[in-house]
Amino acid sequence: MDTPDTTLHARQQLYRDMDPHHLTPLWEVLHALVPPQPRTPCVPAHWTYEAVRPFLMRAGEAITAEEAVRRVLILENPALRGQSAITQSLYAGLQLILPGEVAPSHRHVQSALRFIVEGSGAYTAVDGERTTMHPGDFIITPSWTFHDHGNEGGEAVVWLDGLDIPMVRFLDAGFAENDSSRSQQVTRKEGSSFARYGHNMAPVRHDAPFGATSPIFSYPYARSREALEQLERDAPIDAWDGVKLRYVNPLTGGHPMPTMATFMQKLPAGFSGKGWRQTDGAVYSVVEGTGSVDIEAGGQRWHFDFGPRDHFVVPSWHTARLASQDGCVLFSFSDRPVHQALAIHREERLS
Ligand code: GTQ
């Protein structure tokens, strides 16, 4: 039934009159506020390493790590330009550190993950312990811990930074401060946290040095890859994920960080996966091999062919399908722990 013009005019007058009082009618926006299903403004996007790397290297000439504090090119969702966000809740960037450089020590509430993309020999220091980076390693900077990065090796090192910056900004809960020294004093031998917590054992009298965050700073690629390879040989292959494992906080069995979940998966050669969608938008870093992802939502479709060191994002409630002719290894992260903590996580696997 059509609403008479006089009624519509009366409503418009009502809205205009209440507007100076900072009042607005719910019924005009209700449908968008409480949509029948998630309708993210984010779009799928793909950054080939071939396209990104030259800009990273030019950034290496344009500014030092010291002056930049963090020399990072932000991977911005094309639909969220200017917001430093790859999804509504997550930040991603590629950080470059050249031989001899130091990115000075600071700390912030935002949790960070590093996934090493290219080069070896750089380190990140957390709480007085350094961890040397190798491609494929997954490294954690817990919330509010001092961290500095440096490169004492001979090659450029690039890693993916994943942070919960947009989430912390949304909550207006961000604090940060610089350290009194540029580089942290090393107080513990490299590998000490891994020795304590990395072998399915834990110190009897030391629990949770970083609260809700994993006590392991570095999850080495060699170990993750070995597990995936053995599972590819021995275990049934999941029709959606291939062989996929999630990283864990060994003290809780939960995700390594309170705000971000991390995963590594191997698609066997010849894999053609089934489609799925989930409420947690996910960012992918291609470790080895080649493959493709087909994404669909609201009648729109995307197809990305990816290779090593490429990055792509699958936004919330977009249906995705992975495939690989020759096999590949993918790292990914999402805000799943937050969805789970709020008991609103949903996943749908299409048959
Ligand atoms: O390494 O501390 O990409 O504070 C963005 C903000 C990296 C870092 C980023 C940061 C860092």
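Order of listing sets the numbers, starting from 1, for every ligand and every atom in it. Numbers for residues simply follow the sequence, beginning at 1.
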task = Verify the cluster assignment for M133 and L94: are they in a single hydrophobic cluster under the rule of side-chain heavy atoms below 4.5 Å apart?
result =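 Looking at the clustering, L94 is in a separate group from M133.
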key: Whether F217 and F210 hold their rings parallel, tilted or perpendicular, with breakpoints at 30° and 60°   =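 Plane angle between 30° and 60°, so tilted.
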query = Taking only residues at least two apart or on different chains, which pairs with a member in residues 106-137 satisfy ring pair (Phe, Tyr, Trp, His ring centres under 6.0 Å)?
reply =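 For residues 106-137, and leaving out neighbouring residues, the ring pair (Phe, Tyr, Trp, His ring centres under 6.0 Å) pairs sorted by first residue read H106-H108, H106-H147, H108-H147, F115-F331.
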message = Can you list every protein residue that has a heavy atom under 4.0 Å from any atom of ligand 1, sorted by chain and residue number?
response =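 Contacts of ligand 1 under 4.0 Å: R70, V72, Y91, Q95, H106, H108, R114, H147, H149, D161, L163.
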message = Among residues at least two apart in sequence or on other chains, which ones pass salt bridge (Lys or Arg N to Asp or Glu O under 4.0 Å) with D127?
response =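 So D127 forms a salt bridge (Lys or Arg N to Asp or Glu O under 4.0 Å) with R188.
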All N/O donor-acceptor pairs, side-chain side in residues 32-43, below 3.5 Å, sequence neighbours left out:
| residue | atom | partner | partner atom | Å |
| --- | --- | --- | --- | --- |
| Q37 | OE1 | W317 | NE1 | 3.3 |
| T40 | OG1 | C42 | N | 2.9 |

ask   = Can you list the steps and then say if R53 with E118 is a salt bridge (charged side-chain N to carboxylate O under 4.0 Å, His left out)?
value = CA-CA 10 Å; R53 195 178 189 279; E118 173 185 346; 2.7 Å; yes
